[in-house]
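In what follows, chains are A, B, ... by sequence order, proteins preceding strands, each numbered from 1.
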There are 2 protein chains.
Amino acid sequence: MLDDTFAALADPTRRAILARLRSGEATVTELARPFNMSQPAISKHLRVLERAGLVSRSRDAQRRPCRLQAGPLKAATDWLEDYSRFWENRYQNLDELLDKLKDEDANDG
Amino acid sequence: MLDDTFAALADPTRRAILARLRSGEATVTELARPFNMSQPAISKHLRVLERAGLVSRSRDAQRRPCRLQAGPLKAATDWLEDYSRFWENRYQNLDELLDKLKDEDANDG
């Protein structure tokens, strides 16, 4: 599950497709337009996103618009959440360093 | 950058290595132990993690312990953050549906 999600996200075109779908459903034709890519190339990326459960397609045979499915993104974020204390500590250390430098600067002046 | 991060995270062994490094530095030998994997196999995963900037190794020639680097994980989380309103809406919709069902149930009783 996480394997498929992270693998699907490891491509700039697929991330751009997801970003486009944030503003609403879109057909393959609509998705292909801004990318200067063939529809088959876009369809291939869509299949990866569908397999990862990140995109669903309606059964409307004429248009079959694609829709964002955010569930797997939440699972990925939950996994990453366990690491947040590491970058928070890192920024805290930076803040402390900046405060120290400011104090030294004030003492010099 | 995000390509490398997400590709590195798309493997359960590499995610388990990062989880292990949350509790502190570890050598390749220490990392290989719980996985029932050869050291070369673990080293290959470590190279992927190092290329993605998720793991650094000290220059101590004897041990070269590995350390977690959380910066790229923060960048990945920041990217995912833009999608949080989708799963939040989804849960809000579920809450509303449950409230509606409870009201109907109360009216039936």
Exercise for review: Could you label the plane-to-plane angle of the B/Phe6 and A/Phe6 rings as parallel, tilted or perpendicular, counting under 30° as parallel and over 60° as perpendicular?
Suggested key: parallel

For A/Asp78, the side-chain contact (heavy atoms from CB on, under 4.5 Å) test, sequence neighbours excluded, returns A/Lys74

Verdict with reasoning, A/Phe86 to B/Leu68, per side chain to side chain contact (heavy atoms under 4.5 Å, CB included): CA-CA 9 Å; A/Phe86 286 92; B/Leu68 177 66; 3.8 Å; yes

Check: If you draw a 6.0 Å radius around CZ in A/Arg64, do more than 12 non-hydrogen atoms from other residues or ligands fall strictly inside?
Finding: yes

Whatever's closer than 4.5 Å to a heavy atom in chain A on B/Asp4 counts as neither

Side chains of [X] and [Y], heavy atoms from C-beta outward: is any pair under 4.5 Å?
X: B/Thr77; Y: A/Trp87; value: yes
X: A/Glu50; Y: A/Ser56; value: no
X: A/Leu9; Y: B/Asp3; value: no

Of A/Ala76, A/Ala8, A/Pro12, the largest count of non-hydrogen pairs under 4.5 angstrom with chain B goes to A/Pro12

Under a 4.5 Å heavy-atom criterion, the part of residues 16-46 of chain A in contact with chain B comprises A/Leu18, A/Ala19, A/Arg22

Whatever's closer than 4.5 Å to a heavy atom in chain B on A/Arg14 counts as neither

